[in-house]
2 protein chains.
Amino acid sequence: MIAETERAEVASCETGQLELAAVLHAMSDPIRLRIVSELNEGGERACGAFNLPITKSTCSHHFRVLREAGVISTRVAGKSRINVLRREALEDRFPGLLDAILHARSD
Amino acid sequence: MIAETERAEVASCETGQLELAAVLHAMSDPIRLRIVSELNEGGERACGAFNLPITKSTCSHHFRVLREAGVISTRVAGKSRINVLRREALEDRFPGLLDAILHARSD
DNA sequence: CACAGAGTTCGATATTTGTCGTACAATGAC
DNA sequence: GTCATTGTACGACAAATATCGAACTCTGTG
């Protein structure tokens, strides 16, 4: 059995360009930007801990987009899913990108 | 009369976050990434000088998205439109973002 | 076991987006 | 002025996206 998370992380890895486009697309939504920003400041957090103005299913959708683009990863912890910003992986492939985005947002 | 270019550049300027989302969205398409990358390397270029695998109207659409997000600006020169990457404006508002994106792409 | 909590998955739907072809506008060349 | 060049504007249309509600899975707890 292949874990969902594994497949998700690999989903868009063909050429460097495609992956970059996927990451940028994942970040180009206000709600997802907010998720990334809060994950950056608050460390690991469960999906429900964001107080987002959307329903559970929409929330789930946004986390999936971020997961499949490789921006975050999710692990199960008891009843909840803990989300983590994949700082190292992002920094490795796109040096400076995450910080540029996070810094711009809080201007 | 308000020039088209002026309106375009101002189109998405409300909050910092919204503008960032617009810029990221503009960059999250392979063709537009290629346009930006070529503009970065080759300096100013006319729309037709990109040899893109799309029709004129689609091409026009992509340049408009980039223009409205503030990523490029366009000026008329004879029969053609010359496109310029708005390096300074981008660097001013989102320090390091453009370079992070351009560097990642050529990995 | 039954039940509540936390997310995911599955349609459904409205909006946005990428693409095209055709028509149009502006400019330089004849 | 007429024509070719360069790009824009305008529908049209298919695919992707954001959103929702309802049904489902998994986990811990009574």
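A, B, ... follow the sequence lines: proteins, then strands. Residue 1 opens every chain. We use all heavy atoms of the structure for the numbers below, so side chains are in, but hydrogens, waters and symmetry mates are not.
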What does the list of N/O pairs under 3.5 Å between the protein and nucleotides 6-8 of chain D look like, with a distance for each?
residue, atom, partner, partner atom, Å
D/dT6, O4', B/K79, O, 3.3
D/dG7, OP1, B/C47, N, 3.0
D/dG7, OP1, B/G48, N, 3.4
D/dG7, OP2, B/G48, N, 2.9
D/dG7, N7, B/K56, NZ, 2.9
D/dG7, O6, B/K56, NZ, 3.0
D/dT8, OP1, B/R67, NH2, 2.9
D/dT8, OP2, B/S60, OG, 2.3
D/dT8, O5', B/S60, OG, 3.1

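When side chains are defined from C-beta on, B/H61 counts as touching B/V65, because their heavy atoms get closer than 4.5 Å. Residues B/T58 and B/L52 are not in side-chain contact: their nearest non-hydrogen atoms beyond the backbone lie 4.5 Å or more apart. Between A/V84 and A/I72 the shortest side-chain heavy-atom distance does not fall below 4.5 Å.
C/dT9 atom P lies 15 Å from atom NE2 of A/H62, rounded to whole Å. Between A/R64 atom CZ and D/dA18 atom P there is a gap of 11 Å when expressed in whole angstrom units. The interatomic distance linking A/F50 (CZ) with C/dA6 (P) rounds to 15 Å, in whole Å. Atom CZ in A/R45 sits about 15 Å away from atom C1' in C/dA6, given to the nearest Å. When rounded to the nearest whole Å, the span between CG of A/L52 and P of D/dT19 equals 10 Å. Distance CD1 (A/I54) to P (C/dT8): 12 Å, rounded to an integer number of Å. At whole-Å resolution of the value, CG in A/D29 and C1' in D/dT17 are 10 Å apart.
Between C/dC20 and B/T58, a contact under 4.0 Å exists linking OP1 or OP2 to a side-chain N or O.
Checking D/dT19, C/dT17, D/dG21 against every side-chain atom of A/I31, the shortest atom distance belongs to D/dT19.
Side-chain atoms of A/R81 never come within 3.5 Å of backbone atoms of A/T74 as a donor-acceptor pair (strictly under, hydrogens ignored).
Counting only N and O atoms by type, the side chains of B/N40 and B/R87 include a donor and acceptor under 3.5 Å apart.
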Item to check | Test side-chain contact (heavy atoms from CB on, under 4.5 Å) applied to B/F50 and B/R34, step by step | outcome: CA-CA 9 Å; B/F50 286 86; B/R34 177 170 157 188; 5.9 Å; no
